[in-house]
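Encoded as structure tokens, the structure appears first; notes follow it.
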2 protein chains.
Amino acid sequence: MTEARESATAAPEHGRSVPRRQERGQRRIAQIVSAAAEVFAESGYEDATTNAIARRAGISPGSLYQFFSNKDEIAAALAERYVVELGAAQEEALDLETLRSAPLDEMIAMIVAPLVEFNLANRGFKALFARPDMPAALTEAVAPLHAALLERVKGLVSIRFPELTGDVVDRTATVSIQIVRAMMPLIVAADEGPERDAMVVELRRVLRAYLSGA
Amino acid sequence: MTEARESATAAPEHGRSVPRRQERGQRRIAQIVSAAAEVFAESGYEDATTNAIARRAGISPGSLYQFFSNKDEIAAALAERYVVELGAAQEEALDLETLRSAPLDEMIAMIVAPLVEFNLANRGFKALFARPDMPAALTEAVAPLHAALLERVKGLVSIRFPELTGDVVDRTATVSIQIVRAMMPLIVAADEGPERDAMVVELRRVLRAYLSGA
DNA sequence: GACAAACGCGAGTGATTGCTCGTATTCTTC
DNA sequence: GAAGAATACGAGCAATCACTCGCGTTTGTC
């Protein structure tokens with residue numbers, strides 16, 4: 001999935017048909033992914049046309065297909081970017097000590113805050129992540145994103161609740177992710193200010209209530 | 001939305017262009033809606049073609065458009081059917097006394113059980129209801145379904161928690177619905193047996209935890 | 001500076017799909 | 001039993017959209 005196309009340093013892979021990218025090409029790829037994020041955010045995945053993405057990126061449809069061989073590959077590249085950026089945002093905000101010993105409230109606030117910020121800053125995120133029913137190709141493209149998030153949350157859960165067995169950690173993480181996925185559209189859609197804050201509070205309450213029984 | 005087309009008893013509406021349906025037509029309409037439920041369940045709304053729905057219903061595309069003037073109208077009719085059927089299933093299962101005074105656990109179990117059954121029996125339901133991002137036309141078609149469910153849940157919440165203000169009832173109901181929406185795909189996708197039962201238990205736990213603080 | 005590879009263009013293609021239209025059949029009503 | 005309305009058909013239209021192709025331009029390499 002998007003393999004060598006992404007690796008900027010042109011690893012000496014024996015790739016046959018994949019061209020060795022020049023700097024110009026790297027920039028274009030980044031432009032295209034950014035444009036896709038915008039268009040997905042506005043129209044959703046299905047209604048986002050590849051021509052619209054190209055136009056938004058300021059290039060021709062033909063040029064777009066020089067870098068991505070189909071629409072799903074663009075989604076996969078965007079998903080990969082999201083994994084990296086969300087990971088960075090979270091690591092920056094996480095403090096292991098708090099995670100282990102602070103009140104559950106505090107821990108949840110620490111995790112939820114950057115998540116909300118990320119979703120507000122990246123409105124395209126939910127187009128790739130928040131849908132329960134996706135076209136098969138998109139599901140595949142986004143699978144690494146899901147896997148990465150699940151692993152991350154499983155890590156958090158087992159740090160906080162070291163006594164839980166693997167099965168339970170798994171289920172708890174899955175449910176927690178699902179709760180966040182469900183609430184995030186409400187938060188993003190709410191007007192900035194007290195209304196949105198109230199929904200964030202609800203999200204924290206749900207998580208706290210659920211996890212305090214774990 | 002689908003107005004007179006649905007009313008079997010041919011109310012004396014002054015409808016101009018809407019033909020007075022014969023019995024044959026009523027049967028066809030029911031067939032089409034059932035076929036749509038199947039095809040939506042299998043392919044999702046977007047990938048379900050009107051020709052596929054017609055084929056499934058055993059009629060020609062032309063005949064389909066004799067009864068529905070576009071795809072969204074079919075979705076709206078299906079949504080309407082779901083409102084009625086889900087309402088019936090719930091009313092059958094609800095017991096006001098339990099609702100008022102039984103332990104929260106019991107109340108939640110009483111509400112969740114028919115919901116799960118309904119979702120298992122009507123796999124197309126989530127294609128219309130569970131998506132956070134829908135094409136505008138579909139959103140509109142399904143709006144009455146959403147409104148009906150929200151009202152119903154608000155009723156339940158304020159019966160159980162009569163001290164809550166309208167605002168809070170509203171928010172609590174919205175969040176509760178969102179939780180169910182989020183968990184249901186997990187439940188439906190799980191293998192029948194202990195795996196699915198475990199997810200149902202999780203749903204009940206989340207709701208109980210959330211609502212016990214209300 | 002010459003050659004190849006990467007980049008770039010945008011009109012166009014092929015496939016899909018929601019929906020129509022001309023026409024034929026069945027039902028209702030008188 | 002005749003007329004009009006409803007039902008039925010299915011080939012095909014019009015629009016959309018992911019993607020291609022031929023050809024021109026820029027960049028890197030020797």
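Naming convention: chains lettered A, B, ... in sequence-line order (proteins, then strands); numbering from 1 in each chain.
- Side-chain atoms of A:T50 lie closest to D:dA18 of the nucleotides D:dA6, C:dC7, D:dA18.
- Checked against C:dC27, D:dT26, C:dT20, the side chain of B:P61 finds its nearest nucleotide in C:dT20.
- One interatomic measurement links the two molecules: CG of B:D72 to P of C:dC19, which rounds to 7 Å at whole-angstrom precision.
- B:N70 places its CG atom 14 Å from the C1' atom of C:dT20, with the value rounded to the nearest Å.
- Within a 6.0 Å radius of CZ in B:R208, no more than 12 heavy atoms belonging to other residues, nucleotides or ligands are found.
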* **salt bridge (Lys or Arg N to Asp or Glu O under 4.0 Å) assessment of A:E42 paired with A:R56** => CA-CA 12 Å; A:E42 289 165 16; A:R56 184 69 63 103; 2.8 Å; yes
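- Considering only side-chain N and O atoms, A:R55 lies nowhere under 4.0 angstrom from the phosphate OP1 or OP2 of C:dG10.
- Of the candidates D:dC19, C:dG18, D:dC9, C:dG18 carries the atom nearest the B:T49 side chain, counting heavy atoms from C-beta on.
- At a cut-off of 3.5 angstrom, counting only N and O atoms as typed in the model, there is a donor on one side and an acceptor on the other between the side-chain of B:N51 and the base of C:dC19.
- Nearest-nucleotide positions on DNA chain D place B:Q22 closer to the 5' end than the other of B:G62 and B:Q22.
- B:R21 places its CZ atom 12 Å from the C1' atom of D:dA8, with the value rounded to the nearest Å.
- Using a 4.0 Å heavy-atom criterion, one finds that B:A54 contacts no nucleic acid atom at all.
- Put simply, CZ on A:R27 is 17 Å from P on C:dA6, counting in whole angstrom units.
- When distances are taken from the side chain of B:Y65 to each of D:dC19, C:dC19, D:dT7, the shortest belongs to C:dC19.
- Side-chain nitrogen and oxygen atoms of B:R28 include at least one within less than 4.0 Å of the OP1 or OP2 phosphate oxygen of D:dA8.
- Judged by distance alone, the side chain of B:R160 and the main-chain N or O of B:L99 form a donor-acceptor pair under 3.5 Å.
- Distance NZ (A:K71) to P (D:dT20): 15 Å, rounded to an integer number of Å.
- The side chain of B:F67 sits closest to D:dA8 out of D:dA6, C:dG8, D:dA8.
- Between the side chain of A:R204 and the backbone N or O of A:A109 there is no donor-acceptor pair closer than 3.5 Å.
- Atom CG in A:L64 sits roughly 18 Å away from atom P in C:dA6 (whole-Å rounding).
- Within the structure, every side-chain polar atom (N or O) of B:S63 is placed at least 4.0 Å from both OP1 and OP2 of D:dA8.
- We find that CG of A:D47 is positioned 8 Å from P of D:dC17, with the value rounded to whole Å.
- For A:S60 and C:dG10, the shortest distance from a side-chain N or O to OP1 or OP2 is not below 4.0 Å.
- Looking at the side chain of B:I59, the nearest of the listed nucleotides D:dT7, C:dA6, D:dC9 is D:dC9.
- At whole-Å resolution of the value, CD in A:Q31 and C1' in C:dG8 are 12 Å apart.
- Comparing C:dG10, C:dT28, C:dA6 by their nearest atom to the side chain of A:R20 picks out C:dA6.
- Comparing atom distances between the B:P19 side chain and each of D:dA6, D:dT27, C:dC9 picks out D:dA6 as nearest.
- A donor atom on one side chain and an acceptor atom on the other are not found under 3.5 Å apart for B:R55 and B:T49.
- Between A:Y45 and A:F40, the ring planes lie tilted relative to each other; the angle falls in the 30° to 60° range.
- Which of D:dT27, C:dC19, C:dT26 sits closest to the side chain of B:R24 comes down to C:dT26.
- Nucleic acid contact for B:A52: none, since no nucleic acid atom lies under 4.0 Å from a heavy atom of the residue.
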